[in-house]
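Some notes on the structure that comes next.
Just so it is clear: chains get the letters A, B, ... in the order the sequence lines come, proteins before strands, and each one is counted from 1.
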Amino acid sequence: MNLNFWILDIAHEVKKEKPQILLWCIDSNNKKVLVIDDTFLPYFYVLPKEKVDIKSLTSKILALSTNITNIELADRKLFGKPVKVLKITFRDPGQAIKLQKIISKLEEIQECYEYDVRYPLRYLIDNQLTPCGWHQTEVEEIKSKNYKVDAIYQVKKTPKPIEEAKIPRLKVLAFDIKCYSKRGLSTKTAADPVITISTATNNGLEKQFIATDYNDKKAIQGFAKFVQEFDPDCIVGYESNIFDWLYLGQRAKNLKIKLDVGRPGEPHTSMYGHVSIAGRANIDLYDFAEDIVDIKVKTLENIAEFLGTKIKPLKVDETKIPELWDDKKLREKLLEQSKNEVKTIIEVSEKLLPFAIQLSNVVGLPLDHVGAAAMGFRVEWYLIRQASLEGELIPSRFEKQYFPYRGAIVLAPKPGIHENVAVVDFSSMYPALMIQKNISPDTFVSEDVGVKSTEVNIAPEVGYKFRKVPDGFYKRVLSDLIKVRRKIKTQLKKLDPKSIEYRILDARQQAIKTTTNAVYGYNAWLGAKFYFKQVGEATAAWGRETITKTIEVAKKLGLQIIYADTDSLFIKYEKPKVEKLIETVREKLELEIELKDIYERIFFTEAKKKYAGLLKDGRIDITGFEVVRGDWAEIAREVQEKVFEIILKEKTPEKAVVYVQEIIQKMQANQIPYEELIIWKTLTKSPEEYEIAAPHVSAAKILLKAGGRLDAGDKIGFVITKGAGRLTDRAKPYSMAKLEDIDTDYYVNNQIIPPAHRILESFGVTEDQFKMVKKQKTLFEFK
DNA sequence: GCTTTACTTGTACCT
DNA sequence: ACAGGTACAAGTAAAGCG
C-alpha cells in the first residue's frame, strides 16, 4: 500500500546486528505511525594517500573489523575537485567513531570523512527526506507490540518527499515541575521531592500530579501514565531540557521507578543537550525565546507578555515554595500558580511552534534538535545537506587558531538633531556579494595558481581571487535560498495575514532569512566544518568597497551624509536625489538598495551605533542607547526614553531637565518602585572563574551561598545598597534587599544622570544642573 | 598618601 | 558555539602630585 506521512521524529535501533531507521510519523489521516526502513546501512569515506594500491588497501581495511560489510570506490569532490575515495559500509552505527580511529592509523590513509554524520541524519540526507515534511512510499503493515502507535509499517521502497505545505494537527502537552527545596536544587542528586507536576494540553485538558506531602513517587508515576494516555506528539516546557526532565529523571532513578513517557521509552539527553523522547518531539521553548533579542530577561512571564498571550502568568518565587507547601492553606495558591504557568506555556507554544517546525524543515534538523542547536549548527546542517547532494565531501571539524580580520566600516555620525533624514540600506549585502563575486571555498584561487585576471573576481584590499565560473557552492546555495524566500513572499501577498497558511509561510520565510544571513558569519566561525577565512575576509572587503562607493555616489549627488554603518546610510532626505542614488547603485554596483525609513527628526551623539529618531507616524525608534540595553535599571531606561521623547517631539531640553530633576527627587525620597531599580547582568561563566570583582558576580556568589541554582548564561538581578566601599561589595541579589536598603546616590549618579546627560549635554546641559532644586523657572539659557 | 589616568575585563549592543 | 566594530562601566594598577 501507499502511505503519505509527515516526519515528526527520527531514531534508529540495532536488532540482531541489523540497524534500522525508525521514522516516527503522522499520516494523512492524522494517525500516529512508525515507518521502519532496515535497508540502509551506515558508512563513511576514506581518502587514501596518492599512489596507494586500492585493492590491497581495501583488503587491509576489511581485515580490521568484522563490522564492515562492504568497501567500494566512490567519486566525490573535495572543495569542488574530483577525488576517488573508499566508501566503508558497516553494520553497527554505534561503532562509526571507533572504526574511523582504527582506519585512520593506517599509513595509506590521508583522511576519513563524514564518520561523525549520525546514522539517522545520514539516512534523511541521502534520501532527501526532511523532518517536518511530507513524504510518500510503498509500505507493508507489520505487527508488533513494541511500539505505541496506531500502525507500524515496513518500507518497500525508499520514501520520497512530496509537495505539501500543510502541517498535521499536533497534540501538544505542556508540563512544569515544582520542587520542594530549602537549600537549592541539583539536577544531579535531586534530593528533594517534586511537589507538583502540572500539565496542560492544546485541547484544553489540565491535570496536576501532586505529591502526598513530601512523597513524590505517585505523582511522577501518575504524570508518566497521563503522558501515555494523552499521547502527545509534542511535549513542551520552559527550560525543560536543562531542568525539568533532568530533575524528573534523577528523581525517578532515586525512587527506582520508570519514567516511561515515550512511544515507549525514557527521556535521554542527546545532541546539543536536548532531551530526546522516542516518538515525540520534546521541545524546550526557552531555546526559541533565547533568539528573541527584544526580550532582555527571558523569563516565561516576559516571553508571554511579549508574545501577547491571553493568560497572564503569576510569578512564582522559587525560594518561597517550601513556605507555601508547608502551610496546607497556602498550597492551593502554589498549585494555582503552577497551573497558570503551564497554561501559559501552551499559549507560548502556539506562537513559537510554527517557526520551530519551519526551521526544522528548512535546515533539516529534527524538530526536537533544532531549537537546541546554536545558529552555527543550524547553518551547518543546511550546508551539509546541500553539499552531500552535490557529491561534496563534508570537511571534518578541527581546531583552528583565531585569526581576526577587518570587518565593516562605521562612520562617525554628525552629532546633534537632524530633520528629515532617510535611511537606505542594502538588502542582505553579504549574501548578495557572495553571489555576485562568486565567493566560495571551491572558487577560491590560491596565489600559486596562475589565472587570467579576466577569469577571476579580485577582492579589494585583501587581493583574494575567486573564479567567475562555474558557480561556487555558496552562490548556488544562497541563490536558491533567496529564490525560495522571494517566492514565499509573493505567495504571502495573496494570503490573509490571519490565516494558518500565512502563519506557516511567514514562519518559513523568516527561517530562510536567518539561515541566509548567517552563512557569511558561519563561514568565518572557527568551529565551522566549512571554515574558510578568505571567504569571510573577501566578503567583508567587498562590503567596505560597496558602502564606500555608495557614499561617494551620494556625495556626488549633493546628498548630505549623516551616518553609515556596514550596509546602511543615513542621509538628509531629498526625494529625487535619493531615488537617483538607489537607481545608480542598482545600475553600477548591481546590488539592491532600498529606502528603509524616513525620520522626521533624528538625534546622534558623537558615539557610533547609537541614535534615536522620530518616525513620521509618531513612533520613536531608539538604537544602541541605554533604553534598549538590558543591563541598566528600568528607571534609567525610562528616564532616557522620556528625555528622547521630549527632545524629539517637543524640542524643549529645559523641560527634559526639569523632568530629570523630578525623577532624581523621587529617587532621593525613595519613591521609585523597587522593581525599577533592579539591574540585570548575564553570568557568562561560573562565579569562581571571574578574574575581577564585579557587582553581578558578587551578587551571584551570595545567591549560590544561599543555595540558589546558577549556571553560566543566567541573568543575575541585583541592586546596589547603602554602605561604604566598592559597588561590588554593596551589590545584593534583588530578592535579598528592600527599598530602604537602596543606595539612592548610586542610582542618581550612576543610573539616572549618565544616560540623561549623554543626550542633554549636546544642548549645553551640565551634570550639576540635574541636581539643582527648582528655584527659578529657567535655570539656564538656550539658543 | 591621595587623586588622576591608563589599562583590563566584562557585557551588551549594531549591522 | 555566526562575524567584526563599538560604547561604556567598574575595578585596578600605574603615574602624577605635593
Please classify the nucleic acid contact of [X] as base, sugar-phosphate, or nothing, using heavy-atom distances under 4.0 Å.
| X | value |
| --- | --- |
| A/K715 | sugar-phosphate |
| A/V697 | nothing |
| A/R758 | sugar-phosphate |
| A/G536 | nothing |
| A/T539 | nothing |
| A/R406 | sugar-phosphate |
| A/G521 | base |
| A/F530 | nothing |
| A/Y690 | sugar-phosphate |
| A/V379 | nothing |
| A/G527 | nothing |
| A/A374 | sugar-phosphate |

Output yes when [X] and [Y] qualify as a salt bridge under the 4.0 Å nitrogen-oxygen rule, no when they do not.
| X | Y | value |
| --- | --- | --- |
| A/D565 | A/K608 | no |
| A/K588 | A/E552 | no |
| A/D597 | A/R619 | no |

Between [atom2] on [N] and [atom1] on [X], what's the gap in Å once rounded to a whole number?
| X | N | atom1 | atom2 | result |
| --- | --- | --- | --- | --- |
| A/E691 | B/dG10 | CD | P | 5 Å |
| A/L683 | B/dA12 | CG | P | 10 Å |
| A/D621 | B/dC14 | CG | P | 10 Å |
| A/F604 | C/dA7 | CZ | P | 13 Å |
| A/K596 | B/dC14 | NZ | P | 11 Å |
| A/E626 | B/dC14 | CD | P | 11 Å |
| A/K298 | B/dA12 | NZ | C1' | 11 Å |
| A/L727 | C/dG11 | CG | C1' | 10 Å |

Nearest to side-chain heavy atoms of [X], which nucleotide of [options]:
| X | options | answer |
| --- | --- | --- |
| A/I692 | C/dA10, B/dT9, C/dA1 | B/dT9 |
| A/P754 | C/dG5, C/dA9, C/dA1 | C/dA9 |
| A/T682 | C/dG11, C/dC8, B/dT11 | B/dT11 |
| A/K609 | B/dG10, C/dG4, C/dA1 | C/dG4 |
| A/Y405 | C/dA3, C/dA9, B/dT11 | C/dA3 |
| A/N750 | B/dC14, C/dC2, C/dA10 | C/dA10 |
| A/A518 | C/dC2, C/dA7, B/dT11 | C/dC2 |

Open item on the list: With rounding to the closest Å, how many angstrom separate the P atoms on B/dG10 and C/dA1?
Closed with: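 So the two P atoms sit 16 Å from each other.
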Return no unless some side-chain N or O of [X] is found under 4.0 Å from OP1 or OP2 of [N].
| X | N | value |
| --- | --- | --- |
| A/N523 | C/dC2 | no |
| A/K610 | C/dC8 | yes |
| A/R726 | C/dT12 | yes |
| A/R629 | C/dT6 | no |
| A/Y746 | C/dA10 | yes |
| A/T566 | C/dG4 | no |
| A/Y402 | C/dG4 | yes |
| A/K608 | C/dT6 | yes |
| A/K685 | B/dG10 | yes |
| A/K296 | B/dC13 | yes |
| A/H696 | B/dG10 | no |

Step through it carefully: locate the ring centre of A/F718, locate the ring centre of A/Y734, and say whether they are under 6.0 Å apart.
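No; A/Y734 has its ring centre 6.0 Å or more from that of A/F718.
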NZ (A/K555) with more than 12 external heavy atoms under 6.0 Å: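 No, NZ of A/K555 has 12 or fewer neighbouring heavy atoms, counting only those of other groups under 6.0 Å.
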Exercise. Near A/K513 NZ, under 6.0 Å, is it more than 12 heavy atoms from other residues, nucleotides or ligands?
Worked result: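 No, the 6.0 Å shell around NZ holds no more than 12 heavy atoms from other groups.
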Considering the options A/R637, A/Q751, A/Q640, which one meets the side chain to side chain donor-acceptor pair (under 3.5 Å) requirement together with A/E626?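 Result: among A/R637, A/Q751, A/Q640, A/Q640 is the only option passing the side chain to side chain donor-acceptor pair (under 3.5 Å) with A/E626.
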*Is the closest side-chain donor-acceptor distance between A/N241 and A/Y286 under 3.5 Å?*
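Not at all, the side chains of A/N241 and A/Y286 share no donor-acceptor pair under 3.5 Å.
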Want to settle it: does A/F403 or A/P695 sit nearer the 5' end of DNA chain C, counting the closest nucleotide to each?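 Here A/F403 is the residue nearer the 5' end.
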